[in-house]
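Encoded as structure tokens, the structure appears first; notes follow it.
This structure is a prediction, so every number in the text was calculated from the model and none was measured.
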Amino acid sequence: VQAGVSSTDGGERNWNGDAAVSVPLVEDRLGLRLSASRSHLGGYAASPSFPDDPNSIDQRNGRAKLKFRATDDLEFELGYQRTELDDHWG
């Protein structure tokens with residue numbers, strides 16, 4: 001697990017967080033890893049044309065990976081990733 005906060009002079013605060021977990025499903029043969037992250041980049045400019053900050057970004061990411069060791073010399077990995085991005089530009 002990790003988290004952070006930062007800021008830009010004259011801009012909004014930025015923050016992020018990450019978490020991951022690995023789970024053995026069958027010892028030495030099958031395992032699952034899950035991870036997720038979320039971040040907000042606050043931006044630095046304001047515009048009367050936009051109700052929200054036009055250059056702030058919110059990002060969410062999730063990943064899953066399944067690893068199967070068929071033999072000592074043969075492994076298979078299956079992965080999935082999803083990212084959602086909201087940049088407030090519509």
Side-chain angles (χ1 to χ4, degrees):
V1 175
Q2 172 205 312
V5 176
S6 65
S7 64
T8 302
D9 188 24
E12 293 183 16
R13 186 175 19 231
N14 308 306
W15 55 265
N16 68 336
D18 303 298
V21 63
S22 295
V23 180
L25 301 174
V26 177
E27 189 174 341
D28 295 329
R29 290 290 174 201
L30 184 64
L32 177 66
R33 180 168 177 84
L34 302 172
S35 63
S37 65
R38 185 156 184 198
S39 64
H40 173 77
L41 302 175
Y44 56 89
S47 170
S49 301
F50 294 94
D52 294 324
D53 188 351
N55 57 7
S56 69
I57 297 172
D58 292 301
Q59 183 173 345
R60 294 160 301 282
N61 186 48
R63 292 176 44 177
K65 185 179 282 189
L66 187 67
K67 186 173 184 178
F68 172 61
R69 179 177 291 162
T71 69
D72 289 341
D73 298 323
L74 181 62
E75 294 180 350
F76 297 94
E77 290 186 1
L78 177 64
Y80 174 80
Q81 179 171 332
R82 180 180 173 100
T83 299
E84 296 178 357
L85 182 68
D86 183 1
D87 62 7
H88 303 284
W89 282 96

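- Here D18 pairs with Q2 under the side chain to side chain donor-acceptor pair (under 3.5 Å) rule; sequence neighbours left out.
- Once rounded to the nearest 0.5 Å, the distance linking CD of E77 with NZ of K67 reads 5.0 Å.
- There is no path of hydrophobic side-chain contacts, each under 4.5 Å, that joins V21 to V1.
- The two residues S35 and A20 have their closest heavy-atom pair at CB-CB, 3.9 Å.
- Both V26 and L34 belong to a single network of hydrophobic side chains, linked directly or stepwise wherever heavy atoms of I, L, V, M, F, W or Y lie under 4.5 Å apart.
- Here W15 contributes atom CH2 and D58 contributes atom CG; the two are 6.5 Å apart, rounded to the nearest 0.5 Å.
- Residues L66 and L25 have side chains in contact (heavy-atom distance under 4.5 Å, counting atoms from C-beta outward).
- Rounding to the nearest 0.5 Å gives a distance of 11.5 Å between NZ of K65 and CG of L32.
- Residue pairs meeting the side chain to side chain donor-acceptor pair (under 3.5 Å) criterion with at least one partner in residues 20-29, sequence neighbours excluded, are S22-R33.
- With sequence neighbours left out, Q59 forms a side chain to side chain donor-acceptor pair (under 3.5 Å) with no residue at all.
- Partners of R60 by salt bridge (charged side-chain N to carboxylate O under 4.0 Å, His left out), not counting sequence neighbours, listed by chain and number: E84.
- A 4.5 Å side-chain heavy-atom check between N14 and N16 finds every atom pair outside the cut-off.
- With sequence neighbours excluded, no residue forms a salt bridge (charged side-chain N to carboxylate O under 4.0 Å, His left out) with R38.
- The distance from atom CZ of R13 to atom OG of S6, rounded to the nearest 0.5 Å, is 10.0 Å.
- By the side chain to side chain donor-acceptor pair (under 3.5 Å) test, S37 pairs with no residue at all, sequence neighbours left out.
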